[in-house]
Amino acid sequence: MKQLELLHEGKSKQVYKTESDEHIIIRFKDDATAFYNIKRAKIENKGKMNAEISSLVLDYLNRNGIKTHFVERDGNDGQLCRVVEHFPIEVIVRNIIAGSMAKRLGLEEGLVPDNTIFDLCLRDSELGDPLINDHHAVALGLVSYEELATIYEASAKINALLVELYHKAGIILVDFKIEFGRTASGELILADELTPDTCRLWDEATGERMDKDRFRRDLGRVRETYEEVASRLANALK
Ligand code: UDP
């Protein structure tokens, strides 16, 4: 589909209009940012690798009964996607304690909780995407309880499918962030990237971090690691 004008440019992606009102093209940039834009860098090939990883993962979810915005890969660094109106919330799914949850509750990273944890956050980067609960979200008119039930059910299914896929790639899916939206025809679908920028991935064999924490925490080999995730996923899906 033909790419028309730029609609929006974010920290790591550009969104373009297409000839169809129901479709957009999302292009992944090489820019890496962390801590709400305080830390910035360009990582060569990251845009292409994120387009590759997100396309592989979203196509896999589409084929396994999850409704997503992904239609097809577009060029090296892009995806053709369905247009949605996003709910202004983020769901964070946690299989292992890490990052902000470890910090907030004084827990050690790597702790395995008794059950999967679903966090709800308000999507507002000026406020630091604060943690909220279902009642806040409904009271603020962001989403209904029925919509939340659908969102949690989909998040649990997405998690189960992704844990299995990453395990085939020798990778532990520690946690990830996802967003949902509604299409013009009213379908509630997953509408987000699924990349090492938005997931925590640990190597099953070595425990090495294979995600944006390499950039956040100055661990080096960021580019090589994103390439490794793409190649392992491609193999796991063969
Ligand atoms: N995450 C994200 N965008 C956000 C916040 C979190 O993609 O605005 C992802 C993050 O990469 C990690 C997971 O969600 O995979 C959990 O993040 P956490 O709450 O631990 O926050 P962080 O440690 O990244 O500040």
Side-chain angles (χ1 to χ4, degrees), residues 8 10-13 15 26 28-29 31-41 43 46-47 49-51 53-54 57-58 61 68-69 79 86-113 115-133 136-137 142 151-152 154-156 158-159 161-163 165-166 169 171-181 190-203 207-219 222 225-226 229 233:
H8 170 76
K11 289 176 286 205
S12 64
K13 283 172 291 194
V15 179
I26 298 177
F28 291 84
K29 307 198 291 186
D31 302 70
T33 66
F35 313 119
Y36 296 96
N37 236 354
I38 289 171
K39 182 169 178 160
R40 280 183 252 181
I43 294 158
K46 183 168 92 79
M49 287 304 106
N50 273 353
I53 293 164
S54 200
V57 170
L58 291 173
L61 292 177
T68 84
H69 70 161
Q79 292 179 341
H86 279 99
F87 296 102
I89 54 173
E90 298 179 343
V91 177
I92 293 175
V93 182
R94 300 179 187 275
N95 296 305
I96 296 182
I97 307 296
S100 73
M101 180 164 177
K103 219 171 179 180
R104 197 173 60 249
L105 300 182
L107 301 170
E108 207 167 306
E109 285 203 309
L111 192 77
V112 182
N115 50 275
T116 309
I117 295 165
F118 299 88
D119 283 349
L120 200 63
C121 298
L122 175 68
R123 204 154 62 96
D124 185 329
S125 49
E126 280 188 18
L127 294 177
D129 299 332
L131 188 65
I132 54 172
N133 66 26
H136 292 118
L142 312 177
I151 286 171
Y152 286 127
S155 301
I158 291 164
N159 184 45
L161 285 163
L162 293 185
V163 165
L165 172 64
Y166 273 109
I171 294 171
I172 301 169
L173 177 64
V174 173
D175 60 30
F176 59 97
K177 183 270 302 176
I178 41 178
E179 297 174 24
F180 292 84
L190 170 65
D192 206 353
E193 67 180 282
L194 274 161
T195 67
D197 282 358
T198 60
C199 303
R200 279 201 172 85
L201 306 168
W202 294 353
D203 190 325
E208 264 219 304
R209 288 169 193 269
M210 303 186 72
D211 55 58
K212 194 164 128 181
D213 277 345
R214 299 206 73 80
F215 169 68
R216 290 189 189 100
R217 302 180 189 189
D218 293 319
L219 302 174
V222 185
T225 303
Y226 278 58
V229 172
L233 276 179

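Note that the coordinates shown come from a computational prediction; the quantities given were computed from them, not determined experimentally. Just follow the structure's listing: the first ligand is 1, and inside any ligand the first atom is 1.
Remark: of the listed residues Q79, K13, E193, Q79 is the sole one forming a side-chain hydrogen bond (donor to acceptor under 3.5 Å, both in side chains) with S54.
The main-chain N or O of R216 is never found under 3.5 Å from a side-chain atom of D213 such that the two would form a donor-acceptor pair. A donor-acceptor pair is defined here as one N or O able to donate and one able to accept, closer than 3.5 Å; no such pair exists between the side chain of K39 and the backbone of A32. In terms of modelled atom types and a separation under 3.5 Å, the side chain of E108 and the main chain of A102 share no donor-acceptor contact. The backbone N or O of E179 lies less than 3.5 Å from a partner atom in the side chain of D192, making a donor-acceptor pair.
Not counting sequence neighbours, the partners of N37 by the side chain to side chain contact (heavy atoms under 4.5 Å, CB included) test are K11, T33, R40.
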Within the protein, flag every N or O under 3.5 Å from an N or O of ligand 1, and note the pair and distance.
unit_1, atom_1, unit_2, atom_2, d
ligand 1, 8 (O), D129, OD2, 3.1
ligand 1, 11 (O), D197, O, 3.4
ligand 1, 11 (O), R216, NH2, 3.0
ligand 1, 15 (O), D175, OD1, 2.6
ligand 1, 15 (O), T198, O, 3.4
ligand 1, 15 (O), R200, N, 3.3
ligand 1, 19 (O), R94, NH2, 2.7
ligand 1, 19 (O), S100, OG, 2.6
ligand 1, 20 (O), R94, NH1, 3.3
ligand 1, 20 (O), S100, N, 2.8
ligand 1, 20 (O), S100, OG, 3.4
ligand 1, 20 (O), R200, NH1, 3.0
ligand 1, 23 (O), S100, N, 3.2
ligand 1, 23 (O), R200, NH2, 2.7
ligand 1, 24 (O), R216, NH2, 3.4

